[in-house]
2 protein chains.
Amino acid sequence: MSTAISTDINASRGHDAKRRSIVEAAASVFCREGFGGANIDMIAAEAGVSRQTIYNHHGDKESLFTFVLSELTERMNTGIFRVLGTFPENPVDLQAELTAFAVRMFENCVCNRDGKFLRKLIQSEGDRYPELFATWLRDGPARTTSGLAARFARLALQGLLDITDPDVAARQFMALVRADLEPGLTVGMNACGAEVEKSAANGVKAFLRIYGKRHPPSTS
Amino acid sequence: MSTAISTDINASRGHDAKRRSIVEAAASVFCREGFGGANIDMIAAEAGVSRQTIYNHHGDKESLFTFVLSELTERMNTGIFRVLGTFPENPVDLQAELTAFAVRMFENCVCNRDGKFLRKLIQSEGDRYPELFATWLRDGPARTTSGLAARFARLALQGLLDITDPDVAARQFMALVRADLEPGLTVGMNACGAEVEKSAANGVKAFLRIYGKRHPPSTS
DNA sequence: ATATTTTTAGACGCAGTTGTCAAAATCGTC
DNA sequence: GACGATTTTGACAACTGCGTCTAAAAATAT
């Protein structure tokens, strides 16, 4: 029994290393060349394994592709929810903390390697795999929006924001903090740090002009 | 001379009809399959012409692709600037007119067939053709933003808006009116009329809470 | 050290694609 | 109806890529 377990664990050392490098390489090549343009030899070369190993692990090109897609989706989602957990719950400087939150969201989810790959793969091949696409949509953006909405609702209850529809507010928040990065984001470019911070700052400022509590009119 | 000209013109009747149908079909197939996945036979079949005709017109697959891309870019840009010309200059109901403007922009540029195709082609193959991509970026989104910014600046001068940076305002306008349509737009779906109007209305309302003139505080 | 599993390398058949060619068919015009 | 231009058809060679197979090599477990 214990032997069987240790066998499993040990066998998966180099094994899983190859598995991972295959996924990385496949993501990169599929992303660069599209599903139709990618070929297994490229992926094998980039992964540093033989072509046969890829076939051993994943059967065929299509299976490899769907595996890569679901892998990236899962990774991305865990990242998103980890960052969602850092949403300012009891802010003292709402503007600064929302901006920092937005920057975290970008750097860890939207603008990193996985985010770029996933975005492009969904964009270019989403039609071909409706199930994977639906999964991504349901577990990713949809839950992100509602998670964000819930947190904005909480802030509204605390009297820090003036929100009627939290879902709309959440979508507008995402749209605003990325406004300055378009159309680069749409097109696969990854924004660098300074741009991200500027865009986030602009976006949050605008967001607070929409939903921030109006200062009671001082008798000036 | 006149014969030569008339020959040219007449010869180009069915000729240009085929030219157009080739471009349409190529756009559709490239968009669906990616450059690598598309093949000339598909395009020929969808265009209702023979494969040879495509080679006669465009030389090879790559030339056809770049031709399609520049054709779509040009079409899209003329559409955008036509709509930009309908921006409300002397609005009586700013919110309603901006909303209608946003809807026009979507229905004529972003959400129509060409818009969807161009977006997807730029997304998936933009890296491969840096020149075409740069042209698109420079003549399309960049000029759209600055054209929009100029018009917002005019409204600000008229005292109808309270804007400091018109470029930021323009980008935020675009981002807000499409906020409810994400991530569908990113992913190639075309929104239907009702969704577009709702999203535009929400976006414009938010935009005016950012940049609308504050009503002078009434002594309530 | 040995047995077992995994990986590699190379060759292979097969199917699909590209781009070319020449002859036949079609179209528009006079 | 005859003419010139365009399009179609079908065949072609060269190439590429997928997926399979086998024997050798390497890694791993016992």
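Computed from a prediction, not measured in an experiment: that's the story for all the values here. By convention in this document, chain letters (A, B, ...) are assigned in the order of the sequence lines, proteins followed by strands, and residues within each chain are numbered from 1.
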*Indicate whether OP1 or OP2 belonging to C:dT8 is found under 4.0 Å from a side-chain N or O atom of A:K18.*
yes
*Is the count of non-hydrogen atoms from other residues, nucleotides or ligands lying under 6.0 Å from A:R151 atom CZ greater than 12?*
yes
*Give a yes or no answer on whether the side chain of A:K120 reaches the backbone of A:F30 with a donor-acceptor pair at less than 3.5 Å.*
no
*What's the closest nucleotide to the A:R51 side chain, out of C:dT18, D:dG19, D:dT9?*
D:dG19
_Protein-nucleotide distance (B:L64, atom CG; C:dT17, atom P), rounded to Å_ = 16 Å
*Distance in angstrom units between A:R19 CZ and D:dA27 P, rounded*: 20 Å
_What's A:A44 touching, base or sugar-phosphate or nothing? Going by heavy atoms closer than 4.0 Å._
nothing
_Between A:N77 and A:D139: side-chain donor-acceptor atoms closer than 3.5 Å_ = no
*Calculate the interatomic distance between B:D60 atom CG and D:dA14 atom P; express it in whole Å.*
20 Å
*Nearest whole angstrom, please: distance from the P of D:dC15 to the CG of A:D41.*
17 Å
*Check every atom of D:dT9, C:dT8, D:dC18 against the side chain of A:N39 and return the nucleotide holding the closest atom.*
D:dC18
_Using every non-hydrogen atom in the two residues, find where B:I210 and B:Q172 come nearest and quote the distance to one decimal._
CD1-OE1, 4.5 Å
*Would you say D:dT6 has OP1 or OP2 under 4.0 Å from some side-chain N or O of B:H57?*
no
*Identify, between A:I40 and B:V49, the residue whose nearest nucleotide on DNA chain D lies closer to the 5' end.*
B:V49
*Whole Å only: how far is the CE atom of B:M42 from the C1' atom of C:dT18?*
14 Å
*Check whether more than 12 heavy atoms from other residues, nucleotides or ligands sit under 6.0 Å from atom CD of A:Q95, and answer yes or no.*
yes
*Using atom CD1 of A:I54 as one end and atom P of C:dT6 as the other, report the distance to the nearest whole Å.*
17 Å
*Options C:dT18, D:dT8, C:dT8, nucleotide nearest the side-chain atoms of A:Q52*: C:dT8
*asked:* From C-beta outward on A:Y55, which listed nucleotide comes closest to its side chain: D:dT8, C:dT7, D:dC18?
replied: D:dC18
*Which whole-number value in Å describes the distance from B:K61 NZ to C:dG19 C1'?*
12 Å
*Give one of base, sugar-phosphate or nothing for B:H58, where a contact means two heavy atoms less than 4.0 Å apart.*
nothing
*Phosphate-side-chain proximity, B:T53 and D:dT6, N/O vs OP1/OP2 below 4.0 Å*: no
